[in-house]
Amino acid sequence: MGAAAAWLLSAGVPLVLLALSLPLWHWRWPRAPLLLREIGIISAVFLVWQVPARMSAGDLDAAVERARWIYRWEQRLRLPDEVDWQQVVLPHPWVVQAANYYYAVMHFGAMAALLVWLYWRHRSSYPWVRTYVVLVTVVSLVVQLVPVAPPRLVPELGFADTAERYGQSVYTGGPGSVVADELSAIPSVHVAWAVVVAVAVIRVGRSRVRRLVLAHPLLTLAVIVVTANHFWLDAVVSLAVLALSAGLQWAGRVCVRPVVRACRRTPVSADGPAPSDGQTAETGDPPGRASGSGGTGTSMGRSATSRRPGPRG
């Protein structure tokens with residue numbers, strides 16, 4: 001009953017926020033409806049994120065077998081062994097705990113900071129970034145409907161669950177909890193969001209040091225490996241998701257643009273007056289000369305008539 005209540009609460013929050021953003025309400029702060037709408041959209045994305053968690057809750061054995069399959073393929077491709085990377089940091093507890101903290105906090109923290117920064121400082125760039133984030137997240141969730149276990153749930157391969165070891169796990173609720181889903185290793189949404197943050201800051205920002213944000217996706221990639229939360233191939237799939245989402249956004253703009261132009265085009269009323277035609281019918285002059293040359297010609301004719309001498313005697 002508690003899980004059902006939490007699910008209903010999660011579903012109700014975006015609906016209430018979107019309802020409050022409708023023009024039916026009168027807010028003293030003009031930006032309140034727009035802000036409520038954006039928060040509602042982000043809340044709805046978080047709600048959709050819970051779907052794979054609930055659908056894959058009972059597929060642990062199949063998810064672990066898929067993780068073993070991915071590891072075997074990485075060995076065939078001669079990719080760096082994630083176990084070796086983790087063994088380098090395990091003797092240094094402070095490094096491991098810092099990596100666990102980065103994995104837990106910076107995923108949502110960096111994205112939230114990006115959206116707030118864009119909303120307040122670069123409003124014109126906010127819509128395309130927000131839409132791209134939604135597309136990336138939704139496409140990732142579609143892929144995550146196929147459950148795949150992270151490396152830390154396959155200890156026989158040599159992986160250690162570093163977050164569980166130091167009490168920093170964000171998956172304490174287990175698979176199917178409202179907090180997060182343990183069986184959604186592919187693709188790595190951490191990597192996907194980190195790349196979005198870096199690209200948006202570099203593209204929108206004007207600071208000379210904005211390229212330092214590239215450290216965020218690189219650190220995220222290292223963190224997901226040493227904490228045994230993802231394989232290398234999970235990150236590769238996330239790059240494919242980014243490319244697919246960009247293509248979908250571009251296709252959407254191409255399809256919507258003609259519709260927007262057609263809606264903005266103002267139709268000409270057939271019942272409106274036609275000055276040029278009316279004046280042409282009255283004066284017989286061509287359009288464009290009726291109003292100006294017609295009046296001037298009449299006055300000149302009268303002046304010439306008044307100066308013409310009368311008949312003699």
Hydrophobic clusters here meaning ILVMFWY residues chained together by side-chain heavy-atom distances under 4.5 Å, can you tell me if [X] and [Y] are in one?
X	Y	result
Trp85	Tyr71	yes
Val201	Phe108	yes
Val209	Val213	no
Val197	Val116	yes
Val254	Leu248	no

Would you check if the side chain of [X] reaches a backbone N or O of [Y] as a donor-acceptor pair within less than 3.5 Å?
X	Y	value
Arg66	Pro147	yes
Gln86	Ala160	yes
Glu82	Trp232	yes
Arg253	Trp250	no
Gln249	Thr131	no

Legend entry - Residue Arg121 excluded, over 12 heavy atoms near CZ under 6.0 Å: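 At most 12 heavy atoms, drawn from other residues, nucleotides or ligands, come within 6.0 Å of this atom.
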Legend entry - Other residues, nucleotides, ligands: >12 heavy atoms within 6.0 Å of Tyr101 OH: no
Could you grab the distance from atom [atom1] of [X] to atom [atom2] of [Y], nearest 0.5 Å is fine?
X	Y	atom1	atom2	answer
Asp161	Arg152	CG	CZ	5.0 Å
Phe231	Phe159	CZ	CZ	5.0 Å
Trp128	Leu118	CH2	CG	8.0 Å
Arg211	Leu214	CZ	CG	8.0 Å
Ile186	Ile70	CD1	CD1	3.0 Å
Asn229	His190	CG	NE2	7.0 Å

Inset, instruction - Please report the C-alpha distance between Val199 and Tyr132 in whole Å, then the side-chain angles of each, then the deciding distance to 0.1 Å, and finally whether the side chain to side chain contact (heavy atoms under 4.5 Å, CB included) criterion is met. - result: CA-CA 11 Å; Val199 171; Tyr132 187 54; over 6 Å; no
To check you understand the geometry: which heavy-atom pair defines the closest contact between [X] and [Y], and what is its length?
X	Y	answer
Val196	Leu114	O-CD2, 4.4 Å
Tyr103	His230	OH-NE2, 4.0 Å
Ala110	His216	CB-NE2, 3.6 Å
Ser140	Val241	OG-CG1, 3.5 Å
Tyr102	Val223	CD2-CG2, 4.0 Å
Val191	Ser238	CG1-OG, 3.4 Å

Legend entry - Pi-cation contact, Tyr119 with Arg123 (under 6.0 Å, within 45°):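 Satisfied, under 6.0 Å and within 45°.
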Legend entry - Arg76 NZ/CZ over Trp73 ring centroid, <6.0 Å and within 45° of normal: yes
Inset, instruction - Find out whether Leu135 and Leu244 are in side-chain contact, i.e. whether some heavy atom of one side chain is under 4.5 Å from a heavy atom of the other. - result: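 Result no, sub-4.5 Å side-chain heavy-atom pair not found.
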Inset, instruction - May I ask you to test the Val136-Val139 pair for a side-chain heavy-atom distance under 4.5 Å? - result: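 They are not in side-chain contact.
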Inset, instruction - Go through Leu183 and Leu153 one step at a time and tell me if the side chain to side chain contact (heavy atoms under 4.5 Å, CB included) criterion holds. - result: CA-CA 9 Å; Leu183 305 182; Leu153 293 185; 4.0 Å; yes
Legend entry - Ion pair check, Arg68 and Glu156, cut-off under 4.0 Å: yes
Inset, instruction - Using distance alone, with no hydrogens and no angle criterion, decide if Asn100 and Thr162 have a side-chain donor and acceptor under 3.5 Å apart. - result: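 Judged by distance alone, the side chains do pair up.
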Inset, instruction - Give a yes-or-no answer on whether the side chains of Trp193 and Thr220 include a donor-acceptor pair shorter than 3.5 Å. - result: no
Legend entry - side chain to side chain contact (heavy atoms under 4.5 Å, CB included) between Asp81 and Gln75, intermediate numbers included: CA-CA 7 Å; Asp81 195 338; Gln75 299 303 306; 4.0 Å; yes
